[in-house]
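The structure appears below as structure tokens.
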Number of protein chains: 2
Amino acid sequence: MSRTAGSSGKKTQAAIREAGLDLIYAQGFDAMSLRQLAARVGLQPGSLYNHIATKQDLLYDLIHNHMVTLLERIDAELEGIEHPLDRLKAFIAFHLTYHIERKREVFIGSAELRSLEPRNRKKIVALRRAYEDRLSGILETGVAGKLFKIDDVAVSAYAILAMLTGICTWYDPKGRIGRRELIDIHTRLVLQGVLK
Amino acid sequence: MSRTAGSSGKKTQAAIREAGLDLIYAQGFDAMSLRQLAARVGLQPGSLYNHIATKQDLLYDLIHNHMVTLLERIDAELEGIEHPLDRLKAFIAFHLTYHIERKREVFIGSAELRSLEPRNRKKIVALRRAYEDRLSGILETGVAGKLFKIDDVAVSAYAILAMLTGICTWYDPKGRIGRRELIDIHTRLVLQGVLK
DNA sequence: TATAAAAACGATCATACGTTCGTATCTTGG
DNA sequence: CCAAGATACGAACGTATGATCGTTTTTATA
């Protein structure tokens, strides 16, 4: 046998990424075998290597992709908003929305950080740091403008991020609580903790 | 060869648990091999089976132990405290302290939940639920007593827990911020978000 | 339309894994 | 002080894994 009719690199690549997200999210990176992945995509195990360099590379690609998108979108979201309070609100709303929509990516991006080789991990951590800086930047501006009262900006930024990211572990879009309501609750929680 | 001079079941068992915590925390459960674990303890791989039933059993033991201790200690901590505000403060202080001290256990207890067999996972999730209920119980009492103003107790409890637990990923006991300071910052953040 | 590149197959490799087992030695309770 | 149980060794097992390779067929370029 050999190349299958109708096979296209783009499609297969996308299918591999999609199946990879699913499997890694459900079982973890180490627990997912390339044979499982290949079966899901409808390929023989060896054929995966026409599309990925190594298993490690697939993981890095998935996470890197996610982080770059996250940064691009938050910057697009904050563009043109000046007032620190509005920027903070926009950050909260975006963060929650994105984390609901890309649950798998977010989870993998934090849970499987340690499965990355040191070199790869460093790059991802730098991107994550850049994202965190978007929030602490807003907080600092707000403090400087005497809008916010914050004991420790760095710690508060971590605390807020942890709180917002936490929804990934329990939130069900089809459940009792709507997206708008979720954002409102969290916005109020954060603002009360931060406003002067 | 055979039994080594000075070998004692209690000691080996403890060494296995300690090394297991270290390795699973650093590499993840799947990534840790029993050969690695045995080497760390100073044993041949097969000898581990004098002390553990299976690899899965070791993981369950570690997590179960952690959860039971967590519950015992929060109950001891809250004992005798009546006022909801004081109870909330006590919860925050305890949670942070415990999560600093038992960083590895806490991390494993959440990150490796999915590595547990369904039967085991169910038991752990029930214990975690019980712990969460300690917090939401306090919040509810506070709302009933018109001390707290909370949009949604369940969501807020999750949000607060996520925020407090988040320190595990970044806090360094030897760093810039002391334990007392950490507790103060978080207490203020939570209380401002919750008080009427 | 000829030709190079892309994509898939199927077999296979070396390795690492969790676990079992027979045996030998140490520790301890009666 | 001796017998029974506990503890460890070292070899081995079957299996699963990530990865490679030669080959074949399809797609796309020029």
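Labels below follow one simple rule: chain letters A, B, ... track the order of the sequence lines, proteins then strands, and each chain is numbered from 1.
- Taking a cutoff of 4.0 Å between a charged side-chain nitrogen and a carboxylate oxygen, B:Glu105 and B:Arg17 do not qualify as a salt bridge.
- Annotation: cation-pi geometry satisfied between B:Lys55 and B:Phe29 (NZ/CZ under 6.0 angstrom from ring centroid, within 45° of ring axis).
- A:Leu43 comes within 4.0 angstrom of the backbone, heavy atoms only, and of no base.
- Atom C1' of nucleotide D:dA6 and atom CD of B:Gln13 are separated by 13 Å, given to the nearest angstrom.
- Closest approach of B:Arg73 and B:Arg102 over heavy atoms only: NH1-NH1, 4.3 Å.
- Taking the six-membered ring for Trp, A:His66 and A:Phe107 have ring centres at least 6.0 Å apart.
- Nucleotide D:dA11 holds its C1' atom 16 Å from the OH atom of B:Tyr49, rounded to whole Å.
- Put simply, CG on B:Leu48 is 12 Å from P on C:dT20, counting in whole angstrom units.
- What separates NZ of A:Lys55 from P of D:dT17 is a distance of 9 Å, to the nearest Å.
- Between C:dA7, D:dA19, C:dT19, one nucleotide has an atom nearer to the side chain of A:Asn50 than all others, and that is C:dA7.
- Ring pair A:Tyr158/B:His186: centre-to-centre distance not below 6.0 Å.
- For the pair B:Ile52 CD1 and C:dT20 C1', the computed distance is 13 Å after rounding to whole Å.
- Side-chain proximity of B:His51 to D:dT20, C:dT20, D:dT7: nearest is D:dT7.
- Contacts between residues 30-40 of chain B and DNA chain C, defined by a heavy-atom separation below 4.0 Å, involve B:Met32, B:Ser33, B:Leu34, B:Arg35, listed by number.
- Rounded to a whole Å, the CD1 atom of A:Ile16 is 15 Å from the P atom of C:dA6.
- The pair A:Asp184-A:Arg188 does not meet the salt-bridge criterion, since no charged nitrogen lies less than 4.0 angstrom from a carboxylate oxygen.
- Phosphate proximity of C:dA8 to A:Thr12: present, with a side-chain N or O under 4.0 Å from OP1 or OP2.
- Residues A:Leu85 and A:Ile81 fall into different hydrophobic clusters, defined by Ile, Leu, Val, Met, Phe, Trp and Tyr side chains chained together at heavy-atom separations under 4.5 Å.
- Dashed line: the shortest gap from a side-chain N or O of B:Ser47 to OP1 or OP2 of D:dT7 is not under 4.0 Å.
- Listed nucleotides: C:dA8, D:dC9, D:dA8. Nearest to the side chain of B:Gln44: D:dC9.
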